[in-house]
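Worksheet: the structure to be examined is printed underneath.
Chain A is the first sequence line, chain B the second, and so forth, proteins listed ahead of strands; every chain is numbered from 1. Only a predicted model underlies this, so the values are computations on that prediction, with no experimental measurement involved. Only this structure's heavy atoms are used, side chains among them; waters, hydrogens and symmetry mates stay out.
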There are 2 protein chains.
Amino acid sequence: MIQCEDHGLCISTAMEVADRICTEKRLKFTDLRKDMLRMIWDGHAPQKAYGLLSKLQVKNHSAKPATVYRSLDFLLENGFIHKVKSLNAFVGCSHPSKHDECYFLICDSCKEISECCDSNITSAIKATTKRNQFFVKNTTLEIAGHCNACSKRTE
Amino acid sequence: MIQCEDHGLCISTAMEVADRICTEKRLKFTDLRKDMLRMIWDGHAPQKAYGLLSKLQVKNHSAKPATVYRSLDFLLENGFIHKVKSLNAFVGCSHPSKHDECYFLICDSCKEISECCDSNITSAIKATTKRNQFFVKNTTLEIAGHCNACSKRTE
DNA sequence: GTTTATTTGTTATATTGTAACATCTGGTAT
DNA sequence: ATACCAGATGTTACAATATAACAAATAAAC
Ligand SMILES: [Zn+2]
Ligand SMILES: [Zn+2]
Ligand SMILES: [Zn+2]
Ligand SMILES: [Zn+2]
(Lines give C-alpha, C1' and ligand atoms only; values in the text may rest on other atoms or scores of the structure.)
(Ligands and ions follow the chains in the order given, each with its own letter.)
Protein backbone atom coordinates (compact mmCIF):
# COMPACT_ATOMS: atom_id res chain seq x y z
CA MET A 1 0.00 0.00 0.00
CA ILE A 2 1.70 3.15 -1.15
CA GLN A 3 0.86 5.65 1.51
CA CYS A 4 3.47 8.22 0.75
CA GLU A 5 6.08 9.09 -1.79
CA ASP A 6 8.59 10.21 0.78
CA HIS A 7 8.12 8.94 4.28
CA GLY A 8 10.89 11.16 5.57
CA LEU A 9 8.56 13.98 4.72
CA CYS A 10 5.69 12.34 6.65
CA ILE A 11 7.91 12.17 9.71
CA SER A 12 9.33 15.67 9.49
CA THR A 13 5.90 17.16 8.83
CA ALA A 14 4.41 15.33 11.79
CA MET A 15 7.23 16.47 14.03
CA GLU A 16 6.96 20.06 12.90
CA VAL A 17 3.20 20.17 13.31
CA ALA A 18 3.47 18.71 16.80
CA ASP A 19 6.21 21.16 17.67
CA ARG A 20 4.12 24.08 16.50
CA ILE A 21 1.03 22.95 18.38
CA CYS A 22 3.06 22.43 21.56
CA THR A 23 4.48 25.92 21.27
CA GLU A 24 1.01 27.37 20.73
CA LYS A 25 -0.50 25.46 23.61
CA ARG A 26 2.53 25.95 25.90
CA LEU A 27 3.06 22.21 26.10
CA LYS A 28 6.44 20.66 26.74
CA PHE A 29 7.56 18.70 23.73
CA THR A 30 10.38 16.95 25.54
CA ASP A 31 13.04 14.72 24.01
CA LEU A 32 11.23 11.64 25.28
CA ARG A 33 7.97 12.72 23.67
CA LYS A 34 9.76 13.57 20.45
CA ASP A 35 11.47 10.19 20.41
CA MET A 36 8.15 8.46 21.01
CA LEU A 37 6.38 10.36 18.26
CA ARG A 38 9.23 9.68 15.83
CA MET A 39 9.18 5.98 16.68
CA ILE A 40 5.43 5.82 16.14
CA TRP A 41 5.94 7.49 12.79
CA ASP A 42 8.52 4.86 11.87
CA GLY A 43 6.04 3.79 9.21
CA HIS A 44 2.33 3.74 8.51
CA ALA A 45 1.82 0.56 10.46
CA PRO A 46 0.61 0.80 14.04
CA GLN A 47 3.14 0.43 16.82
CA LYS A 48 2.57 -1.56 19.97
CA ALA A 49 3.39 -0.09 23.36
CA TYR A 50 5.90 -2.75 24.36
CA GLY A 51 7.55 -2.63 20.95
CA LEU A 52 8.03 1.08 21.44
CA LEU A 53 9.41 0.34 24.89
CA SER A 54 12.03 -1.99 23.44
CA LYS A 55 13.11 0.60 20.90
CA LEU A 56 13.17 3.30 23.53
CA GLN A 57 15.34 1.20 25.82
CA VAL A 58 18.10 1.16 23.21
CA LYS A 59 18.66 4.87 23.83
CA ASN A 60 17.20 5.17 27.27
CA HIS A 61 18.16 2.18 29.37
CA SER A 62 15.92 3.18 32.25
CA ALA A 63 12.68 3.28 30.21
CA LYS A 64 9.81 1.39 31.78
CA PRO A 65 6.19 0.69 30.77
CA ALA A 66 5.06 3.78 32.63
CA THR A 67 7.53 5.87 30.64
CA VAL A 68 5.94 4.72 27.42
CA TYR A 69 2.31 4.90 28.52
CA ARG A 70 2.75 8.38 29.92
CA SER A 71 4.21 9.61 26.67
CA LEU A 72 1.46 7.87 24.75
CA ASP A 73 -1.12 9.59 26.96
CA PHE A 74 0.43 12.95 26.17
CA LEU A 75 0.49 12.27 22.44
CA LEU A 76 -3.07 10.95 22.49
CA GLU A 77 -4.45 13.83 24.54
CA ASN A 78 -3.02 16.32 22.12
CA GLY A 79 -4.14 14.45 19.04
CA PHE A 80 -0.68 13.65 17.69
CA ILE A 81 -1.45 9.95 17.62
CA HIS A 82 -4.47 7.68 17.72
CA LYS A 83 -5.03 4.42 19.50
CA VAL A 84 -6.19 1.64 17.22
CA LYS A 85 -8.50 -0.16 19.58
CA SER A 86 -8.95 -3.30 17.54
CA LEU A 87 -5.19 -3.85 17.65
CA ASN A 88 -4.17 -2.27 20.95
CA ALA A 89 -1.67 -0.25 19.00
CA PHE A 90 -0.86 3.33 18.16
CA VAL A 91 -0.53 5.24 14.92
CA GLY A 92 0.48 8.77 14.07
CA CYS A 93 -2.23 11.24 13.13
CA SER A 94 -1.85 12.82 9.71
CA HIS A 95 -3.62 16.00 10.65
CA PRO A 96 -3.70 16.77 14.36
CA SER A 97 -6.00 19.56 15.49
CA LYS A 98 -8.12 19.18 12.36
CA HIS A 99 -10.55 16.85 14.09
CA ASP A 100 -10.97 14.68 17.14
CA GLU A 101 -11.88 11.49 15.45
CA CYS A 102 -10.46 9.46 12.67
CA TYR A 103 -11.75 6.58 10.66
CA PHE A 104 -9.18 3.97 9.74
CA LEU A 105 -8.54 1.50 6.98
CA ILE A 106 -6.36 -1.26 8.37
CA CYS A 107 -4.69 -3.68 5.98
CA ASP A 108 -4.42 -7.10 7.60
CA SER A 109 -1.73 -8.01 5.12
CA CYS A 110 0.81 -5.17 5.02
CA LYS A 111 -0.40 -3.78 8.37
CA GLU A 112 -0.50 -0.25 7.04
CA ILE A 113 -3.19 2.07 8.26
CA SER A 114 -4.65 5.02 6.46
CA GLU A 115 -7.18 7.51 7.63
CA CYS A 116 -10.41 7.65 5.74
CA CYS A 117 -12.23 10.46 7.48
CA ASP A 118 -15.27 11.21 5.41
CA SER A 119 -18.13 13.59 5.92
CA ASN A 120 -20.71 11.20 4.46
CA ILE A 121 -19.85 8.63 7.09
CA THR A 122 -19.90 11.32 9.75
CA SER A 123 -23.35 12.54 8.71
CA ALA A 124 -24.72 9.00 8.47
CA ILE A 125 -23.48 8.35 12.00
CA LYS A 126 -24.88 11.66 13.17
CA ALA A 127 -28.30 10.84 11.73
CA THR A 128 -28.32 7.48 13.48
CA THR A 129 -27.24 8.84 16.84
CA LYS A 130 -29.80 11.63 16.58
CA ARG A 131 -32.55 9.14 15.81
CA ASN A 132 -31.46 7.15 18.87
CA GLN A 133 -31.23 10.32 20.96
CA PHE A 134 -27.67 9.46 21.76
CA PHE A 135 -25.10 12.13 22.68
CA VAL A 136 -21.76 11.25 21.14
CA LYS A 137 -18.49 11.80 22.93
CA ASN A 138 -16.23 9.64 20.83
CA THR A 139 -16.49 7.50 17.74
CA THR A 140 -14.30 4.53 16.88
CA LEU A 141 -14.43 3.33 13.30
CA GLU A 142 -11.85 0.78 12.28
CA ILE A 143 -12.22 -1.00 8.98
CA ALA A 144 -10.04 -4.06 8.58
CA GLY A 145 -9.38 -5.85 5.31
CA HIS A 146 -6.94 -5.62 2.45
CA CYS A 147 -5.59 -2.60 0.67
CA ASN A 148 -5.58 -2.51 -3.08
CA ALA A 149 -1.90 -3.34 -3.41
CA CYS A 150 -2.13 -6.34 -1.11
CA SER A 151 -5.29 -7.72 -2.67
CA LYS A 152 -3.64 -7.59 -6.10
CA ARG A 153 -0.57 -9.29 -4.71
CA THR A 154 -2.48 -12.32 -3.44
CA GLU A 155 -4.49 -12.81 -6.63
CA MET B 1 -31.53 3.55 29.25
CA ILE B 2 -34.54 1.37 28.76
CA GLN B 3 -33.43 -1.29 26.37
CA CYS B 4 -36.09 -3.80 27.01
CA GLU B 5 -39.40 -4.20 28.73
CA ASP B 6 -38.66 -7.69 29.92
CA HIS B 7 -35.07 -8.71 30.09
CA GLY B 8 -35.97 -12.28 30.93
CA LEU B 9 -37.37 -12.36 27.44
CA CYS B 10 -34.11 -10.99 25.98
CA ILE B 11 -32.24 -13.82 27.67
CA SER B 12 -34.60 -16.60 26.74
CA THR B 13 -34.83 -15.40 23.16
CA ALA B 14 -31.04 -15.22 22.86
CA MET B 15 -30.70 -18.71 24.31
CA GLU B 16 -33.33 -20.15 22.01
CA VAL B 17 -31.88 -18.52 18.92
CA ALA B 18 -28.42 -19.79 19.80
CA ASP B 19 -29.80 -23.23 20.47
CA ARG B 20 -31.58 -23.32 17.13
CA ILE B 21 -28.51 -22.13 15.21
CA CYS B 22 -26.33 -24.70 16.94
CA THR B 23 -28.76 -27.44 16.00
CA GLU B 24 -28.86 -26.25 12.41
CA LYS B 25 -25.10 -25.98 12.14
CA ARG B 26 -24.43 -29.17 14.11
CA LEU B 27 -22.54 -27.23 16.78
CA LYS B 28 -22.27 -28.34 20.36
CA PHE B 29 -24.09 -25.96 22.62
CA THR B 30 -22.60 -27.38 25.79
CA ASP B 31 -23.53 -26.45 29.34
CA LEU B 32 -20.40 -24.36 29.65
CA ARG B 33 -21.23 -22.40 26.52
CA LYS B 34 -24.82 -21.97 27.64
CA ASP B 35 -23.68 -20.71 31.02
CA MET B 36 -21.31 -18.28 29.37
CA LEU B 37 -23.93 -16.93 27.00
CA ARG B 38 -26.44 -16.56 29.81
CA MET B 39 -23.88 -14.71 31.92
CA ILE B 40 -23.07 -12.36 29.05
CA TRP B 41 -26.77 -11.70 28.68
CA ASP B 42 -27.00 -10.84 32.37
CA GLY B 43 -27.84 -7.34 31.17
CA HIS B 44 -27.25 -5.00 28.27
CA ALA B 45 -23.93 -3.89 29.65
CA PRO B 46 -20.77 -5.51 28.33
CA GLN B 47 -19.14 -8.22 30.41
CA LYS B 48 -15.42 -8.52 30.95
CA ALA B 49 -13.67 -11.85 30.54
CA TYR B 50 -12.32 -12.05 34.06
CA GLY B 51 -15.63 -10.97 35.51
CA LEU B 52 -17.24 -13.84 33.66
CA LEU B 53 -14.51 -16.11 34.98
CA SER B 54 -15.33 -15.14 38.55
CA LYS B 55 -19.01 -15.83 38.03
CA LEU B 56 -18.25 -19.09 36.32
CA GLN B 57 -16.04 -20.23 39.17
CA VAL B 58 -18.99 -20.07 41.56
CA LYS B 59 -20.52 -23.06 39.75
CA ASN B 60 -17.41 -24.52 38.19
CA HIS B 61 -14.55 -24.35 40.64
CA SER B 62 -12.03 -25.50 38.07
CA ALA B 63 -12.70 -22.73 35.54
CA LYS B 64 -9.59 -21.00 34.28
CA PRO B 65 -8.94 -18.11 31.85
CA ALA B 66 -8.63 -20.57 28.97
CA THR B 67 -12.05 -21.96 29.83
CA VAL B 68 -13.57 -18.55 29.43
CA TYR B 69 -11.65 -17.45 26.37
CA ARG B 70 -12.40 -20.67 24.55
CA SER B 71 -16.08 -20.29 25.18
CA LEU B 72 -15.90 -16.67 24.13
CA ASP B 73 -14.19 -17.73 20.92
CA PHE B 74 -16.99 -20.17 20.20
CA LEU B 75 -19.66 -17.57 20.89
CA LEU B 76 -17.85 -14.95 18.81
CA GLU B 77 -17.22 -17.24 15.86
CA ASN B 78 -20.87 -18.11 15.68
CA GLY B 79 -22.08 -14.56 16.08
CA PHE B 80 -23.84 -15.05 19.42
CA ILE B 81 -21.80 -12.29 21.02
CA HIS B 82 -19.64 -9.38 19.93
CA LYS B 83 -16.39 -8.12 21.34
CA VAL B 84 -16.48 -4.44 22.20
CA LYS B 85 -12.96 -3.52 21.29
CA SER B 86 -12.88 -0.13 22.89
CA LEU B 87 -13.72 -1.76 26.22
CA ASN B 88 -12.15 -5.21 25.94
CA ALA B 89 -15.52 -6.60 26.83
CA PHE B 90 -18.24 -8.78 25.41
CA VAL B 91 -21.90 -8.22 24.72
CA GLY B 92 -24.68 -10.45 23.47
CA CYS B 93 -25.84 -10.09 19.90
CA SER B 94 -29.52 -9.26 19.48
CA HIS B 95 -29.82 -10.89 16.08
CA PRO B 96 -27.17 -13.50 15.34
CA SER B 97 -26.97 -14.73 11.76
CA LYS B 98 -28.65 -11.57 10.49
CA HIS B 99 -25.32 -9.92 9.82
CA ASP B 100 -21.64 -10.15 10.58
CA GLU B 101 -21.12 -6.68 11.84
CA CYS B 102 -22.78 -4.51 14.38
CA TYR B 103 -22.53 -0.87 15.17
CA PHE B 104 -22.76 0.01 18.83
CA LEU B 105 -23.95 2.87 20.98
CA ILE B 106 -22.12 2.67 24.30
CA CYS B 107 -23.35 4.75 27.20
CA ASP B 108 -20.40 5.79 29.37
CA SER B 109 -22.78 6.48 32.21
CA CYS B 110 -25.09 3.47 32.56
CA LYS B 111 -22.71 1.21 30.56
CA GLU B 112 -25.52 -0.16 28.47
CA ILE B 113 -24.87 -0.97 24.87
CA SER B 114 -27.33 -0.99 22.05
CA GLU B 115 -26.86 -1.98 18.48
CA CYS B 116 -27.46 0.71 15.91
CA CYS B 117 -26.91 -1.16 12.68
CA ASP B 118 -27.98 1.14 9.93
CA SER B 119 -27.89 0.79 6.18
CA ASN B 120 -27.04 4.44 5.61
CA ILE B 121 -23.89 4.06 7.67
CA THR B 122 -23.11 0.84 5.86
CA SER B 123 -23.48 2.42 2.45
CA ALA B 124 -21.45 5.49 3.43
CA ILE B 125 -18.67 3.17 4.61
CA LYS B 126 -18.97 1.11 1.46
CA ALA B 127 -18.64 4.21 -0.71
CA THR B 128 -15.53 5.29 1.16
CA THR B 129 -13.87 1.90 1.02
CA LYS B 130 -14.67 1.60 -2.66
CA ARG B 131 -13.17 5.00 -3.36
CA ASN B 132 -10.06 3.85 -1.49
CA GLN B 133 -10.06 0.51 -3.30
CA PHE B 134 -10.09 -1.20 0.05
CA PHE B 135 -11.52 -4.71 0.48
CA VAL B 136 -13.35 -4.93 3.77
CA LYS B 137 -13.21 -7.99 5.98
CA ASN B 138 -14.52 -6.55 9.18
CA THR B 139 -15.83 -3.23 10.42
CA THR B 140 -15.70 -1.96 13.98
CA LEU B 141 -17.94 0.97 14.81
CA GLU B 142 -18.27 1.87 18.45
CA ILE B 143 -19.91 5.13 19.40
CA ALA B 144 -19.38 6.18 23.00
CA GLY B 145 -21.31 8.88 24.78
CA HIS B 146 -24.49 9.20 26.78
CA CYS B 147 -27.85 7.66 26.16
CA ASN B 148 -30.94 9.83 26.34
CA ALA B 149 -31.95 8.65 29.80
CA CYS B 150 -28.51 9.31 31.27
CA SER B 151 -28.09 12.70 29.66
CA LYS B 152 -31.45 13.78 31.10
CA ARG B 153 -30.46 12.49 34.49
CA THR B 154 -27.30 14.62 34.67
CA GLU B 155 -28.95 17.88 33.58
C1' DG C 1 -16.27 -51.47 21.18
C1' DT C 2 -12.53 -49.04 19.09
C1' DT C 3 -11.09 -45.11 16.79
C1' DT C 4 -11.46 -40.20 16.04
C1' DA C 5 -12.47 -35.55 16.71
C1' DT C 6 -13.97 -32.10 19.81
C1' DT C 7 -14.27 -30.19 24.19
C1' DT C 8 -12.56 -29.30 28.63
C1' DG C 9 -8.87 -29.39 32.34
C1' DT C 10 -4.46 -27.78 33.74
C1' DT C 11 -0.23 -25.32 34.05
C1' DA C 12 2.41 -21.84 32.66
C1' DT C 13 3.38 -17.64 30.52
C1' DA C 14 2.83 -13.64 27.33
C1' DT C 15 0.89 -9.15 26.61
C1' DT C 16 -1.20 -4.90 27.86
C1' DG C 17 -1.86 -1.34 31.15
C1' DT C 18 -1.88 1.29 36.08
C1' DA C 19 -0.94 2.80 40.79
C1' DA C 20 1.93 4.93 43.99
C1' DC C 21 5.60 7.32 45.43
C1' DA C 22 10.40 9.24 44.73
C1' DT C 23 13.31 12.32 42.18
C1' DC C 24 14.56 15.65 38.94
C1' DT C 25 14.05 19.91 36.26
C1' DG C 26 12.71 24.31 34.82
C1' DG C 27 10.07 28.23 35.75
C1' DT C 28 8.01 31.87 39.50
C1' DA C 29 7.89 34.70 43.36
C1' DT C 30 10.07 36.78 47.13
C1' DA D 1 19.92 34.01 44.73
C1' DT D 2 16.81 30.79 46.87
C1' DA D 3 12.74 28.86 48.25
C1' DC D 4 8.92 27.12 46.10
C1' DC D 5 5.96 24.77 42.82
C1' DA D 6 4.32 22.21 38.93
C1' DG D 7 5.17 19.16 35.54
C1' DA D 8 7.97 15.46 33.86
C1' DT D 9 10.49 11.40 34.55
C1' DG D 10 12.40 7.41 37.40
C1' DT D 11 11.30 3.36 39.92
C1' DT D 12 8.92 -0.45 41.93
C1' DA D 13 5.25 -3.13 42.11
C1' DC D 14 1.22 -5.02 40.40
C1' DA D 15 -3.39 -5.44 37.88
C1' DA D 16 -5.84 -6.85 33.89
C1' DT D 17 -6.16 -9.12 29.52
C1' DA D 18 -5.01 -13.00 26.66
C1' DT D 19 -2.63 -17.22 24.70
C1' DA D 20 0.27 -21.59 24.26
C1' DA D 21 0.92 -26.28 25.03
C1' DC D 22 -0.21 -30.57 26.48
C1' DA D 23 -3.26 -33.91 29.18
C1' DA D 24 -7.72 -35.82 30.18
C1' DA D 25 -12.50 -36.43 29.33
C1' DT D 26 -16.36 -36.77 26.33
C1' DA D 27 -19.05 -37.42 22.32
C1' DA D 28 -19.38 -38.93 17.36
C1' DA D 29 -18.34 -42.02 13.78
C1' DC D 30 -17.08 -46.30 12.17
ZN1 LIG E 1 4.65 8.18 4.95
ZN1 LIG F 1 -1.84 -3.83 2.41
ZN1 LIG G 1 -33.03 -6.86 27.69
ZN1 LIG H 1 -27.01 5.48 29.80
- Sugar-phosphate only, base, or nothing, as touched by B/Asn60 at under 4.0 Å among non-hydrogen atoms: sugar-phosphate
- Message: Categorize A/Ala63 for me: base, sugar-phosphate, or nothing, with a 4.0 angstrom heavy-atom threshold over every strand shown.
- Response: nothing
OP1 or OP2 of [N] less than 4.0 angstrom from a side-chain nitrogen or oxygen of [X], does that happen here?
{"X": "A/Asn88", "N": "D/dT17", "answer": "no"}
{"X": "A/Tyr69", "N": "C/dG17", "answer": "yes"}
{"X": "B/Lys83", "N": "D/dT17", "answer": "no"}
{"X": "A/Ser62", "N": "D/dT9", "answer": "no"}
{"X": "B/Thr67", "N": "C/dT8", "answer": "no"}

- Query: So with a 6.0 Å cut-off around CG of A/Asp6, is the heavy-atom count from everything else above 12?
  - Reply: yes
- Quick one: salt bridge (Lys or Arg N to Asp or Glu O under 4.0 Å) partners of A/Arg131, sequence neighbours excluded? B/Asp118
Is any side-chain N of the basic residue among [X] and [Y] closer than 4.0 Å to the acidic one's carboxylate O?
{"X": "B/Asp42", "Y": "B/Lys55", "answer": "yes"}
{"X": "A/Arg20", "Y": "A/Glu16", "answer": "no"}
{"X": "A/Arg70", "Y": "A/Asp73", "answer": "no"}

Return the value, rounded to whole Å, for the distance between atom [atom1] of [X] and atom [atom2] of [N].
{"X": "B/Lys64", "N": "D/dA23", "atom1": "NZ", "atom2": "P", "answer": "17 Å"}
{"X": "A/Asn78", "N": "D/dG7", "atom1": "CG", "atom2": "P", "answer": "14 Å"}
{"X": "B/Phe90", "N": "D/dA16", "atom1": "CZ", "atom2": "P", "answer": "16 Å"}
{"X": "A/Lys85", "N": "C/dG17", "atom1": "NZ", "atom2": "P", "answer": "12 Å"}

Side chains of [X] and [Y]: donor-acceptor distance under 3.5 Å anywhere?
{"X": "A/Lys85", "Y": "B/Ser86", "answer": "no"}
{"X": "B/Tyr103", "Y": "A/Thr128", "answer": "no"}
{"X": "B/Ser62", "Y": "B/Asn60", "answer": "yes"}

- Calculate, to the nearest 0.5 Å, the distance between atoms NE2 and SG belonging to A/His44 and A/Cys10 respectively. 3.5 Å
- Message: Tell me if the side-chain of A/Arg70 makes a donor-acceptor pair with the base of C/dG17, cut-off 3.5 Å, by modelled atom types.
- Response: no
- Query: Going by heavy atoms closer than 4.0 Å, what residues in residues 20-35 of chain B are next to DNA chain C?
  - Reply: B/Lys28, B/Thr30, B/Leu32, B/Arg33
- Message: Can you list, in residue-number order, the parts of residues 46-59 of chain B that come under 4.0 Å of DNA chain C, counting heavy atoms only?
- Response: none
- Query: Quick one: on DNA chain D, does A/Ser71 or A/Pro65 contact a more 5' nucleotide (nearest heavy atom)?
  - Reply: A/Ser71
